[in-house]
Amino acid sequence: MRLSDLKINESGVVLKISSIGSLRRRLLDMGITNNTEIKIIKRAPLGDPIEIFLRGYELIVREEDAKLIEVKKI
Amino acid sequence: MKIALIGNQNCGKTTLFNCLTGSYQHVGNFPGITVEKKIGRLKHDKNIEIVDLPGIYSLSPYSAEEILTRDFLIKNNSDIILNIIDATNIERNLYLTLQILELNLPTIIALNMIDELKLLGNSVNISELENILKVKIIPITASKKEGIADLIYEIKKIIQENKPREKIDVCNGEVHKAIHSVAHIIEDHAQKKNISSRFAALKIIQNDELMIDYLKLDNDEIKIIDEIINSMKNNLNKESDIAVVDMYYNFIEKICKNCVIKNKNISQKSIDIDKILTHKFFALPIFLLIMSLIFFISFYLVGGFLTNLLSLSFEVLKYKLQDFLIKHKTNELVRSLVIDGAFQSLISILSFLPMVSVLFFLLSILEDSGYMARVAFFMDAFLRKIGLSGKSFVPMLIGFGCSVPAIMSTRTLLSNREKKITIFLIPFMSCSAKIPIYIFLTSLIFSKLAIFIIILLYLSGIIIAVITSLFLKKNIMHGKPMPFLLELPPYRMPTKKNLALHARDKIKDFLSRAFSIIFVSSIFIWILEKFDFHFRIVEDKSNSILACFSKFISPIFKPLGFGHWMQSCAIASGLIAKETVLTTLLVLCNGDNNKIKNLFDAKSAFCFLLFIVLYTPCIAAISTIHSELKSTTKTFICIVSQLFIAWITTFVFYNIFFDIDKLLVMLMLTFFVLSFKKIINKKICTCHKNHCDRCHKNKK
């Protein structure tokens, strides 16, 4: 399951990050790594980007970037 | 003695910097306000230098201002690192802290926003955290100046003691082995560059190419290092970069379990406000409402009223001065210089001070509250359609104030392509220097319709920006949008001190511009319009030096409806600063409003204003564009194409838009050209690639 497939208020645990290059490093720096718990807070009015909650703070990610993060729903 | 301020974006570095040094740098509640390093000295001890650096999330940087911070750290050898941690977001902030500790420099930690932490009902066991990290930690609230004295005391203590820090060991297992083997190989190189070999090894394991280049490793060494990394990967069954990050975060999770008591994560207030402000349907209407309210208050309610009051009193002052000069029988030329050359243009600009400062004040409330990040959030989808991202929205909004800081703030944009397009579009956002021209001319010529014309002008700037951006995306600046990751800060009440600071800055800037560049240039214009090439006083202004030059360029503006030399002169003088368009007109017409009115009819006045909205920005903005693009050719292309866009748009407007027949013909022509282009594109492109920017749409 991908992070973008989670619905609002659902949470998941990161299994794998398949993005490469600067996006990958950025995601890691922001604290998205294996076993991180992520909750979907809301989507922007046009459905994209997505507001997520992890490690005690809120972050905005685009749908296409969220597709590259594999999660397990909890 | 040099102290470097390091921390995540939006953790309050600049607020602390202002506290420590007593200076007044710009701060706001949006990640990435600081894009340049700023140097100040400690208020009570001038020997200690403090450097404020752009915020970073890790020491493996990729945007320009983050590279600046790391380079400063590893190359400049600051004596002490002052690491600022946002206490409400301690988990992610500690990730940077652990990397900083690897640098083996004297370090002190300031745990900021303790007040917000308490409000949430959370707490941090500071002495336990000090024991684990083996550094001094001082709790502070920079915005309220709490804990600053303690911090200064501890900084001085560290300077006096001057003893090496105890090392902490974060790593374990396979990563530990790999770090030590790599560190051993690169030890000589790291020593030459005077950085910690352990830190360098960590970065190399994380595939940091900048570091590999910096150390100048040879091919054999790189080969051995690759083998070490590969064996670590195989043993852990993880990518090497993830292995390192995992190791750090596992350590942090352990720390947090021991030292942080969490009651609530984010404040309920922020969540509640967001339910309305970023609502599915209401977000955009609310944003438009807020913006129109801001413009209404600053142009009409408060700013407009104060401006009228000020300009009336200036007018009285002017007549008093005139009477005084006549009474004392001063030379007519001197009188003209004082009244028409200097005084008239100065007061015409100064009377707009209330309007501009109210506008800035209100925009800074938005900036400090944290609303800007939300706007970037819900505008991203729209901006991506025109080839930009939510992040480029903030520089554009700043552009309504002034293009110079707006262009500088494009440094936070990750992609070079996005940065270039944003820089190119910022001048289309009418800056506050253009407000005097708009208000003066529209109220003179359109009287009651003035406010609608002004709104129309602002909108046309935005519409042209959207069209240009679409054109650039489709034809010149291809490429995919960069990833968009933005931290959403909690809403914060703007502090009185900060708002006063913003307003003070703007007023100071406004006054210094009025008394320097605008004052000098209007006197210069006065001289040029009084004398001819033999420096004789001219009877008829159309024989003056200025008129000769202006007549030379006025044919360019003739097809746009404003071919009079005075008008072209005003346009040209706008390159110095936008306000001078107005002051030049006033000087040339001897401050006589009726004379100015006679230069225009409604149609040409609108086109004149439209041209001013769109054409090349002032010299200060041009030099900022040059320093950001770092290329004379690109800057030149940028300026010329802005001029071209302004000319074409105004031309179309003046000649076609007011004539229904021509308008229809024009629309038909565009339709034909567009469909023709589509057919040609289909035929010409013979590529077999899967992702061709030119024809991939047709293939789909």
Side-chain angles (χ1 to χ4, degrees), chain A residues 2-4 7-72 74, chain B residues 56-58 60-63 86 88-92 95-96 122 206-208 238-239 241-242 244-246 248-250 252-253 256 260 262 265-266 270-271 274-275 278-284 373 376-382 384 389-390 414 480-490:
Chain A
R2 297 172 303 188
L3 179 64
S4 53
K7 294 196 178 64
I8 290 170
N9 282 330
E10 284 182 347
S11 301
V13 169
V14 177
L15 295 177
K16 198 182 158 207
I17 300 170
S18 20
S19 59
I20 45 158
S22 69
L23 171 66
R24 178 191 181 85
R25 218 182 279 168
R26 191 77 163 183
L27 290 171
L28 292 176
D29 287 349
M30 299 307 277
I32 300 177
T33 165
N34 289 359
N35 295 323
T36 312
E37 195 184 318
I38 299 179
K39 186 180 169 191
I40 308 278
I41 302 281
K42 74 157 63 108
R43 282 169 175 270
L46 293 167
D48 188 23
I50 311 166
E51 186 182 333
I52 61 174
F53 177 83
L54 72 149
R55 296 190 188 278
Y57 77 102
E58 288 173 291
L59 183 72
I60 298 167
V61 208
R62 277 190 184 148
E63 170 130 26
E64 59 179 35
D65 300 335
K67 275 183 185 159
L68 300 171
I69 301 171
E70 224 168 281
V71 294
K72 196 179 90 195
I74 51 168
Chain B
I56 51 175
Y57 290 109
S58 88
S60 332
Y62 21 96
S63 78
D86 174 356
T88 60
N89 190 355
I90 197 161
E91 216 174 316
R92 207 207 47 225
Y95 178 65
L96 177 68
N122 302 352
Q206 283 179 278
N207 307 325
D208 185 335
K238 265 186 208 172
E239 304 281 331
D241 51 352
I242 289 197
V244 174
V245 179
D246 271 357
Y248 276 125
Y249 271 108
N250 286 337
I252 291 170
E253 277 164 22
C256 288
V260 182
K262 247 187 192 172
N265 275 318
I266 9 173
S270 270
I271 298 173
D274 260 348
K275 267 186 193 148
T278 59
H279 186 269
K280 213 172 176 178
F281 304 118
F282 301 140
L284 202 62
F377 167 59
F378 65 74
M379 291 293 270
D380 178 65
F382 166 73
R384 200 162 5 144
S389 84
L414 286 180
K480 283 185 92 180
M482 283 292 272
F484 172 67
L485 279 173
L486 183 71
E487 193 189 340
L488 215 50

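Chain letters run A, B, ... following the sequence lines, proteins first, then strands; residues in each count from 1. The structure displayed is predicted, hence computed values, not measured ones.
Taking a 6.0 Å sphere around CD of A/E10, one finds it holds more than 12 heavy atoms contributed by other residues, nucleotides or ligands. Other residues, nucleotides and ligands place no more than 12 heavy atoms under 6.0 Å from the CD1 atom of A/I20.
For the pair A/S19/A/L27, a side-chain contact is recorded, criterion being any heavy-atom separation below 4.5 Å from C-beta on.
For the side-chain contact (heavy atoms from CB on, under 4.5 Å) test, residues two or more places apart in sequence or in another chain that qualify with B/E239 are A/R24, B/D241, B/I242. Contacts of A/K39 classified as side-chain contact (heavy atoms from CB on, under 4.5 Å), with partners at least two apart in sequence or in another chain: A/N9, A/S11, A/F53.
Ion pairing between B/R384 and B/D380 holds under the 4.0 Å rule for side-chain N and carboxylate O.
The aromatic rings of B/F282 and B/H279 lie parallel to each other, their planes meeting at an angle below 30°, with 60° marking the opposite boundary.
Proximity to chain B (any heavy atom under 4.5 Å) is restricted, for A/I50, to the backbone atoms N, CA, C and O. Using a 4.5 Å cut-off between heavy atoms, B/A376 does not touch chain A at all. Heavy atoms of B/D86 lying under 4.5 Å from chain A are absent altogether. Proximity to chain A involves both the backbone and the side chain of B/A381, based on heavy atoms less than 4.5 angstrom apart. Looking at B/Y95, the atoms closer than 4.5 Å to chain A (heavy atoms on both sides) all sit in the side chain, from C-beta outward. Residue contact with chain A, scored on non-hydrogen atoms closer than 4.5 Å, involves the backbone of B/T88 exclusively. For a residue to count as touching a neighbouring chain, one of its non-hydrogen atoms must lie under 4.5 Å from one of that chain's; by this rule A/E63 does not touch chain B.
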- request: Determine, step by step, whether A/R62 and A/D48 satisfy the side chain to side chain contact (heavy atoms under 4.5 Å, CB included) criterion, reporting the C-alpha distance in whole Å, the side-chain angles of both residues, the deciding distance to 0.1 Å, and the verdict.
  value: CA-CA 6 Å; A/R62 277 190 184 148; A/D48 188 23; 4.2 Å; yes
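Among A/T36, A/T33, A/I41, the residue making the largest number of heavy-atom pairs under 4.5 Å with chain B is A/T33. If you tally non-hydrogen atom pairs under 4.5 Å between each of A/E51, A/K16, A/R43 and chain B, the highest count goes to A/E51. No other option in B/K238, B/K280, B/E91 has as many heavy-atom pairs under 4.5 Å with chain A as B/E91. Ranked by heavy-atom pairs under 4.5 Å with chain A, the first of B/D274, B/I252, B/L96 is B/D274. Counting heavy-atom pairs closer than 4.5 Å to chain B, the top residue among A/P49, A/G47, A/G56 is A/P49. Of all the listed residues (A/V61, A/L28, A/I17), the one sharing the greatest number of non-hydrogen pairs under 4.5 Å with chain B is A/L28.
Side-chain N or O atoms of A/R55 include one that pairs as donor or acceptor with a backbone N or O of A/G31 at under 3.5 Å.
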